[in-house]
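Naming: A, B, ... by sequence-line order, numbering from 1 per chain. Just so it is clear, the values below take in all heavy atoms, side chains as well, and ignore hydrogens, waters and symmetry mates. Note that the structure is predicted; figures quoted are calculated from it, not measured.
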Amino acid sequence: MKEYNHLKIEKKWQKEWEKKGIYHAEDKSKKPKFYGLIEFPYPSGEGLHVGHIRSNTAMDIICRKRRAEGFNVLYPIGWDAFGLPTENYAIKTGIHPQKVTKKNTDIFRKQLKAGGFSFDWSREVNTTDPEYYKWTQWIFLKMYEKGLAYKDKININWCPKDKIGLANEEVVDGCCERCGTEVEKREKEQWMLAITKYAERLDKDLDDVNFLEKIKIQQRNWIGRSEGVEIEFRLSGVGHPTAIKVFTTRPDTIFGATFIALAPEIAKKITGKDFGIKIEIDRENKEKIGVDTGLKAKNPANGEMLPVFVVNYVSAEYGTGAIMGVPADDERDKEFAEKYKLPIIENYKKAGFKDYGKKITQFKLRDWVFSRQRYWGEPIPMINCEKCGWVPVPERDLPVELPKVKNYQPTDSGESPLANITKWVNVKCPKCKGHAKRETDTMPNWAGSSWYFLRYIDPKNKKSFADFKKLKYWLGNDPRHSGVDWYNGGMEHTTLHLLYSRFWHKFLFDIGVVPTSEPYAKRTSHGMILAEGGVKMSKSKGNVINPDEIIKIYGADTLRIYEMFIGPFDQSVAWSTDSIIGSRRFLERVWNLQYKVQKNKKYTEFEIEKTIKKVSEDIEEMKFNTAISTLMIFVNEIGKLDFISQDVYETFLKLLSPFAPHMTEGLWKILGHKNSINFESWPVYDLSKIKNKQIKIVVQINGKVRAEIMIRAEISEEEVKKQAISNETVSRHLSGKEIKKVIYVKNRLINIVV
RNA sequence: GCCCGAGUGGCGGAAUUGGUAUACGCGCACCACUUAAAAUGGUGUCCCGUAAGGGAUGUGGGUUCGAUUCCCACCUCGGGCACCA
């Protein structure tokens with residue numbers, strides 16, 4: 001008997017599969033296609049996380065099953081490599097981020113290959129490759145051309161300690177994510193993308209995609225669509241001809257309005273005065289403050305003159321920046337009214353929805369701040385000419401490559417380090433050939449990840465980001481109901497990445513370069529893997545599990561099985577090194593079953609049909625933990641027998657192969673097959689083969705289990721009742737009692753009510 | 001404050017449309033094999049009780065012949081949003 005040697009087996013088959021390129025997707029195929037996608041990793045210096053193994057294995061199992069079901073499968077991988085950690089490392093060490101990225105991707109690649117994932121490595125993409133970001137820049141230029149990219153003076157988050165502009169997502173509770181310093185607002189010219197123009201469609205089209213409900217809910221909350229009415233309140237008294245427009249979702253409460261509240265910016269616009277009211281960033285300070293502007297506004301419903309206040313709880317960025325205060329119906333207005341002794345009307349008359357204004361739709365979604373004052377990102381391909389203003393870099397000059405710099409530290413003025421490279425910055429205007437300067441801001445790291453799944457389809461194309469025919473094949477022909485077939489990723493990317501990439505895709509659809517209006521047909525999400533004890537894995541806590549070591553000791557197959565068995569796929573789970581042994585023991589049992597195989601004996605006693613059904617269904621629902629427990633139960637049962645017929649063993653190996661590809665491949669060859677188990681078709685089940693001559697029925701009395709009886713299948717209800725009542729234990733419990741009712745659930749239980 | 005999700009043995013967790021609660025795995029105990037240990041195999045393992053039986057799925061109530069599952073109220077934990085008018 002040969003022992004299960006995972007090191008030898010895994011190395012051997014990984015080499016063989018790579019050599020033969022068996023996981024390469026075909027661009028021209030008569031088979032139906034399946035495009036399975038995972039979020040491409042950020043190659044951090046910390047190496048692969050066991051969480052990567054979890055989500056990659058899940059999609060790997062689905063893709064392997066699809067191949068066995070006869071699909072032409074695309075399961076690609078790449079690197080989302082622009083970003084802060086690499087840049088910060090460069091600032092600290094002076095090593096070029098490209099070098100760091102190369103080193104990290106090499107490590108990640110090696111680690112992923114050791115996991116035995118069926119990626120098509122020939123399509124690897126890297127967002128920091130100029131051949132890749134050329135097209136990221138190209139998409140930006142198209143957006144500029146269509147008026148979706150524009151420059152605007154806005155408040156950005158500024159960390160006074162790091163002297164750096166921060167993205168919203170880098171601000172945690174009003175403080176810098178890295179140094180904890182309180183963030184200030186600073187006005188700065190930024191490139192913006194008009195995602196709000198797509199708000200309506202981004203919301204509505206969620207109806208047509210197969211995303212998990214909680215993902216749709218989060219997207220909808222983020223977009224924040226609400227229908228209301230815009231009402232004009234005419235100003236009078238101080239010689240103001242203007243009116244104040246108010247947005248409300250409750251126009252029916254207009255008779256209860258006792259004041260008007262303005263955002264500070266709006267008040268300044270109307271009166272030209274600064275009232276010293278500020279909207280605090282500090283979220284804990286929720287006390288409502290206001291100043292009376294002295295203006296009066298006429299309520300169009302009843303002609304009453306209402307005082308107009310500047311307040312700190314109305315934002316200029318939502319609605320019209322002005323509200324009607326209805327203290328009787330709104331908690332915030334009530335708090336304000338009580339503090340400033342304003343009247344609170346109860347029992348006022350209700351108005352109709354559109355009686356005093358016109359219906360409009362508002363969104364919480366804001367336009368996307370697209371500029372970063374950083375080095376390690378895609379340069380924004382724009383040139384500022386003294387005469388012509390902003391001029392896009394001509395397409396033929398793409399990509400605008402990142403120049404070499406000596407110092408990656410941002411400048412004191414908050415500009416990108418690129419601003420110091422005068423040779424790079426100073427250019428001729430493409431229009432008038434006059435003196436001009438390049439934009440020195442770069443794109444956020446959400447840019448490259450907004451379209452990477454399209455590049456996988458045609459990664460080496462030099463003429464376009466991807467050939468349209470290939471896009472049509474892999475995304476489908478139906479413009480409304482297609483895209484990547486199945487996209488799995490983390491919940492943390494539900495609002496930003498998922499929304500941004502849907503926005504970009506819709507834009508590309510509108511200009512006719514992609515065939516579908518939605519990028520992803522189906523989206524699911526995984527839970528995180530936490531350290532033992534349920535805390536986050538982190539270097540500083542020293543509780544990070546390195547997958548390499550687990551693979552070395554137990555094998556990739558064991559790690560894969562363990563991570564799929566660890567708990568429900570969509571929930572967070574705590575790592576437990578002690579429990580891995582169970583997955584290893586299971587695989588060893590499977591391995592040892594080969595010595596019980598008898599070639600010519602037909603095996604009829606045990607039903608593999610149920611196992612096929614359950615495992616097949618569980619994979620589709622991502623219930624990998626119960627799929628594995630089903631496989632374990634089968635092995636436990638079959639292990640009790642003296643011999644196993646080869647056909648049953650082979651069917652079992654096919655079911656196990658997506659989970660443990662290396663071992664099953666090894667066994668497949670040992671059984672005498674020349675071809676890879678990867679080319680075998682997925683087992684089908686035939687429920688009619690399950691012969692249940694005897695069925696176990698539970699007998700309850702008043703809902704309490706008292707006995708079990710065996711019945712023949714298909715006997716009548718009357719006979720089952722007779723048999724149940726005649727049971728010894730049952731009759732003992734029934735003696736001296738009157739039977740009121742008998743409930744019979746077919747093939748399951750009988751409940752006698754006394 | 002609002003919106004999601006989850007509370008089941010010592011631990012990770014199972015449970016079809018409401019139908020045997022605790023599958024599968026870890027751990028633990030005992031047995032076999034062994035000079036011994038490890039490994040492996042076997043048996044047992046929610047609680048009380050010798051047993052018959054009784055009690056348990058965060059807490060309290062309800063619907064039902066029957067509730068982990070459905071309804072109401074509350075508590076705890078995780079995630080998201082946050083003065084959104």
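Counting to the nearest Å, the P atom of rC81(B) and the CE atom of M491(A) are 11 Å from each other. At whole-Å resolution of the value, CD1 in I244(A) and P in rA85(B) are 20 Å apart. K623(A) has its NZ atom 16 Å from the P atom of rG13(B), to the nearest Å. A straight line from CE of M528(A) to C1' of rG80(B) spans 12 Å, rounded to a whole angstrom. The CZ atom of R732(A) sits 10 Å away from the C1' atom of rG53(B) (whole-angstrom rounding). In this structure, NZ of K214(A) is placed 15 Å from P of rC81(B), rounded to the nearest angstrom. Rounded to an integer number of Å, the gap from CD of E213(A) to P of rC4(B) is 10 Å. Atoms CD1 (I217(A)) and P (rG79(B)) sit 19 Å apart, rounded to a whole Å.
Rounded to whole Å, the separation between the P atoms of rG12(B) and rA23(B) comes to 15 Å. Taking the C1' atoms as reference points, rC33(B) lies 11 Å from rA39(B), given to the whole Å. Using P as the reference atom, rG42(B) and rU50(B) are 31 Å apart when rounded to the nearest Å. Atom name C1', nucleotides rG58(B) and rG54(B): the rounded distance is 23 Å, in whole Å. Taking the C1' atom of each, rU57(B) and rU40(B) are spaced 36 Å apart, rounded to whole Å. When the C1' atom is compared between rA51(B) and rG41(B), the two are found 33 Å apart, to the nearest whole Å. The gap from the P atom of rA21(B) to that of rU68(B) amounts to 9 Å, rounded to the nearest Å.
Using bins of under 30°, 30° to 60° and over 60° for the plane-to-plane angle, the ring pair Y318(A)/F247(A) lands in the perpendicular bin. In this pair, F652(A) and F634(A) present their aromatic rings parallel. The plane angle is below 30°, not in the 30 to 60° band. In this structure, Y500(A) and W368(A) have parallel ring planes: the angle between them is below the 30° cut-off, well short of the 60° mark.
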Check: Given the rule in the side-chain hydrogen bond (donor to acceptor under 3.5 Å, both in side chains) test, do D618(A) and T626(A) qualify, once you have shown the distances and angles that lead to the verdict?
Finding: CA-CA 7 Å; D618(A) 280 355; T626(A) 50; 2.9 Å; yes
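Across every strand in view, rC2(B) sits in a pair with rG80(B) that passes the Watson-Crick or G-U test at under 3.5 angstrom. Nucleotide rC74(B) forms a pair with rG58(B), judged by Watson-Crick or G-U wobble geometry with both contacts under 3.5 Å.
Side-chain contact between L206(A) and R502(A) is present, with heavy atoms from C-beta onward closer than 4.5 Å. Counting only heavy atoms from C-beta outward, the side chains of T258(A) and P327(A) approach each other to under 4.5 Å.
Note on E492(A): nothing from the nucleic acid sits closer than 4.0 angstrom, heavy atoms only. Among the protein residues, Q700(A) comes within range of the nucleic acid bases, having at least one heavy atom under 4.0 Å from a base atom. The residue N751(A) sits close to a base: some heavy atom pair falls under 4.0 Å. The residue I566(A) sits close only to the backbone: its heavy atoms come under 4.0 Å of sugar-phosphate atoms, none of a base. Within 4.0 Å (heavy atoms only), V753(A) reaches sugar-phosphate atoms of the nucleic acid but no base atom. Among the atoms of the strands shown, none is found under 4.0 Å from any heavy atom of V742(A).
Close to rA14(B), at under 4.0 Å from its OP1 or OP2, lies a side-chain N or O of N625(A). An OP1 or OP2 oxygen of rG66(B) is reached within less than 4.0 angstrom by no side-chain nitrogen or oxygen of R706(A). Here K741(A) reaches the OP1 or OP2 of rC65(B): one of its side-chain N or O atoms lies under 4.0 Å away. Phosphate contact (OP1/OP2 of rG55(B), side-chain N/O of K704(A), threshold under 4.0 Å): present. Contact annotation: H733(A) reaches the phosphate of rG53(B) (side-chain N/O to OP1 or OP2, under 4.0 Å).
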Next item on the list: Sugar-phosphate means primed atoms, P, OP1 and OP2; the rest is base. With that split, encode nucleotides 43-48 of chain B 5' to 3' as B, S or - using protein heavy atoms under 4.0 Å.
Entry: ------
Next item on the list: Classify every nucleotide of nucleotides 24-29 of chain B by which part a protein heavy atom approaches to under 4.0 Å, writing B for the base, S for the sugar-phosphate alone and - for neither, in 5'-to-3' order.
Entry: BSSS--
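Side-chain contact, H6(A) with R584(A): a donor N or O sits under 3.5 Å from an acceptor N or O. Residues H526(A) and N488(A) bring a donor and an acceptor atom of their side chains to less than 3.5 Å of each other. A donor and an acceptor atom, one from each side chain of E39(A) and H497(A), are nowhere located under 3.5 Å apart.
Taken to the nearest 0.5 Å, the NZ atom of K204(A) stands 13.0 Å off from the CD1 atom of I223(A).
More than 12 heavy atoms of other shown residues, nucleotides or ligands fall within 6.0 angstrom of atom NZ in K596(A).
Taking the ring pair (Phe, Tyr, Trp, His ring centres under 6.0 Å) definition, one finds that Y198(A) meets it with F503(A), sequence neighbours left out.
K364(A) contributes no side-chain N or O that forms a donor-acceptor pair with the base of rC81(B) under 3.5 Å.
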